Amino acid sequence: MARDHVQSAARPGTSAEAPFLELLARDASADAYEQPVLLARAEGLPPERIDALEQAKRLALRVRTEMEGRRRREAELSALFETAHDLAGLRDLDAVLQAIVQRARSLLSTDVAYLTLHDEAAGDTYMRVTEGSVAARFQQLRLGMGEGLGGLVAQTARPYVTPDYFQDGRFQHTGTIDSGVRDEGLVAILGVPLMIGPQVIGVLFAADRRARVFEREEIALLGSFAALAAAAIDTANLLTETRSALDRLASANEIIRDGSAVIERASEVHDRLAELVLRGGGVHDVAAAVSQVLDGTVEFAEADAAPDAALEASRAEGHAVRHGDDWVAAVAAGGELLGALVLRGHPRLDPVDQRTLERAAMVTSLLLLARRSAAEAEQRVRGELLDDLLDVRDRDPRVLRERAARLRADLDATHVVLAARLDGTAADADQDAAARRRLGSAASHLAATRHGLAAIRDGGTVLLLPLERGGTATHLARRTARQLGTAVHEAVTVGASAPIENLATRPDRVAAAYREAQRCLEALRLLGRAGDGAAAEDFGFLGLLLAGDRDISGYVERTIGQVVAYDERRGTDLVRTLDAYFDSGMSPARTKDRLHVHVNTVAQRLERVSRLLGDDWQSPARALEIQLALRLHRLASLPGR
């Protein structure tokens, strides 16, 4: 429906802004804004109409960027407001600091966030709060004053950022600190001071396990959280003297904190899952996010790998169900069971956490359906273009190039056509159809990653893949057979054509190359080489029959080219000697009579041939190929040819 709106709005008589307003209203991805222009070009609309759409697109993208920036700023202000609200009702310093570190990590999208405080009694600095840390040694670090990046922040009372910790020599490295940082795998680190008045009491950090440049806005945001953390610590110190008076309210406050934690956790789950969907995350990203929230291990399991009884019960009830010490939430869409989210080793689960797991399962099903739809759409488009090339339906080079470019394929590059087929025998028709679909999906994925095309055809799959510089059709066929076989867990046989060029201007070459690839495929199967890949050049003289262009000179070159070249360089008669040798029934004695030379001369020449062609040149198969090459060479040398 939305696509129809965009199509109609891109036509004359409708304002250029209309399709983009529709996209803004739907909060579409940035890529979707290209569609109205592409549709207008495809329909052949006037240049002025396309220019108007381009201008409207740029304006709409600016508006979208501004809206995203505002949403981000709103999220930051909301997090700061919530943290300030926590400070206003401060009861537990650790909980507030933990919330600050969690929100800082979430908003800056870093792998780890942590906070260190000065220990005046011990004269050093210790790790107070961490979020995202996995290394025990890192979580227990104690740093001497002035050591590490935190020491530099404390000395200067200013933020400090390093994109690569171990390559930065502007602060004092120590073995203890570096070991802890190395255990955690941190690379890029941002630190801002915690200050009460002019005094630095600690440092708030955000860090990534990869190289990263922190923007000025991110530094300012972490500084705001640091100010709130310092205020929380100062407030806690001021409240220490009144703690005894509040002991009687401890149980009531515990209930309040628990309730707040539940609400905060539910809100955090909602925010994380929404963010994952918006930025195109996958099912494993969802599992990782829920693992952190539920303080357990959540895994996505395929339908055939999940506990059957629990999976069916969860789908029937629409809720997560307990299975031993685990919890299982079915991932389903309509009547189709797509898999399950399994929470491991967590026998007790409160209702809020159970709903969190169920919500994550629903989001997972949406992501799986979206990924499947995108893959099927791309596979269909790639198959349609290759079908058109094979059937020579479209002879307009410009249109062919444009269609290929949208799929990141280059029809002006050298390509090879490959025919692939499964060699296993399915038990029934349904299993056979499923196996072919798996092969088609694997071929489409391979074509997408190699900037080629793929289609299901003639009971198998056909691929059009670019040939790498210095590569051969044989090497490409064997690698493709190996990759497809690994993907579908069955033997896949692949026949390849000779390299072809200028496909946009000569699309008829694709059909001819496909027929050649099919002949090679059938030859492999007849020769008992199932699961292998080959081109016509691999079959010796049989390749002349399989190849579409009958490359006789190429066959002669591959078979006796070294002998011919040796004669041309040295002025010898090795080719004539080979002719006489085979005509004499491979008898050196009769050969010397034909050539009128000594038998030792014949032996010396044949020894030279062995060094040029290999010791097995007189085996029946090689001898047959060499004799055919000699005759073809003799025909090519006749006057008038």
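All figures in this text were calculated on a predicted structure; none of them were measured in a lab.
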- request: Go through Asp208 and Asp111 one step at a time and tell me if the side chain to side chain contact (heavy atoms under 4.5 Å, CB included) criterion holds.
  value: CA-CA 5 Å; Asp208 257 343; Asp111 297 321; 3.2 Å; yes
- request: List the atom of Ala207, the atom of Ile189, and the distance in Å for their closest heavy-atom pair.
  value: CB-CG1, 4.0 Å
Side-chain donor/acceptor of Ser497 to backbone N/O of Val417, under 3.5 Å: yes
- prompt: If you count the non-hydrogen atoms of other residues, nucleotides and ligands that lie under 6.0 Å from CZ in Arg469, is the total more than 12?
  reply: no
- prompt: Is there side-chain contact between Arg212 and Val187, with at least one heavy-atom pair below 4.5 Å?
  reply: no
message: Taking the basic N atoms (NZ, or NE/NH1/NH2) and the acidic carboxylate oxygens, is any pair closer than 4.0 Å for Glu402 and Arg41?
response: no
- prompt: Are Glu468 and Arg450 side-chain neighbours, meaning at least one heavy-atom pair lies under 4.5 Å?
  reply: yes
message: What I'd like to find out is whether the side chain of Arg479 reaches to under 4.5 Å of the side chain of Leu476, using heavy atoms alone.
response: yes
- prompt: Taking all non-hydrogen atoms of both residues, which atom of Ala481 and which atom of Gly531 are closest, and how far apart?
  reply: CB-O, 4.1 Å
message: For Asp615, I'd like to know if atom CG has over 12 heavy atoms of other residues, nucleotides or ligands within 6.0 Å.
response: no
field: OH on Tyr33 to CZ on Arg58, rounded to 0.5 Å
entry: 15.0 Å
message: I want to check something: taking the side chain as every heavy atom from C-beta on, are Val563 and Trp617 in contact at a cut-off of under 4.5 Å?
response: no
Heavy-atom side-chain contact between Glu218 and Thr110 under 4.5 Å: no
task: Determine whether Thr577 and Val609 make a side-chain contact, defined as any pair of heavy atoms from C-beta on separated by less than 4.5 Å.
output: no
message: Donor-acceptor check, side chain of Asp410 to backbone of Asp412, threshold 3.5 angstrom: yes or no?
response: yes
task: Tell me, with the steps shown, if Glu501 and Thr414 meet side chain to side chain contact (heavy atoms under 4.5 Å, CB included).
output: CA-CA 5 Å; Glu501 300 177 342; Thr414 301; 3.3 Å; yes
query: Taking all atoms of both residues into account, what is the closest heavy-atom pair of Ala443 and Ala454, and its distance?
result: O-CB, 3.7 Å
- prompt: Is any side-chain heavy atom of Pro19 less than 4.5 Å from a side-chain heavy atom of Leu53?
  reply: yes
field: From Leu465 atom CG to His415 atom NE2, the distance as rounded to the nearest 0.5 Å
entry: 7.5 Å
field: Nearest-0.5 Å distance that lies between atom CG in Leu411 and atom CD1 in Ile500
entry: 10.0 Å
message: Please report the interatomic distance CG(Leu484) to CZ(Arg438), rounded to the nearest 0.5 Å.
response: 13.0 Å
- request: Please report the shortest heavy-atom distance between Pro36 and Ala32, naming the atom on each side.
  value: CD-O, 3.6 Å
Backbone of Thr162 reached by a side-chain donor or acceptor of Asp168 within 3.5 Å: no
query: Could you give the distance from CG (Leu389) to CZ (Arg509), rounded to the nearest 0.5 Å?
result: 13.0 Å
field: Point-to-point distance, once rounded to the nearest 0.5 Å, from CZ of Arg437 to CG of Leu439
entry: 12.0 Å
Thr505 and Arg401: CA distance, side-chain angles, deciding distance, side chain to side chain contact (heavy atoms under 4.5 Å, CB included) verdict: CA-CA 10 Å; Thr505 56; Arg401 287 191 180 98; 3.9 Å; yes
task: Classify the side-chain pair Gln518/Tyr514 by whether it contains a donor and acceptor separated by less than 3.5 Å.
output: yes
query: Going through the distances and angles, do Ile456 and Arg436 end up as a side chain to side chain contact (heavy atoms under 4.5 Å, CB included)?
result: CA-CA 8 Å; Ile456 297 175; Arg436 292 184 182 182; 5.9 Å; no
field: Heavy-atom closest contact (Leu453 atom, Ala409 atom, distance)
entry: CD2-CB, 4.5 Å
- prompt: Taking the side chain from Thr486 and the backbone from Arg482, do they hold a donor-acceptor pair closer than 3.5 Å?
  reply: yes
- line: Of all heavy-atom pairs linking Leu38 and Arg406, the shortest is CD1-CD, 4.4 Å
message: Are Val492 and Thr461 packed together at the side-chain level, in the sense that at least one heavy-atom pair is separated by less than 4.5 angstrom?
response: no
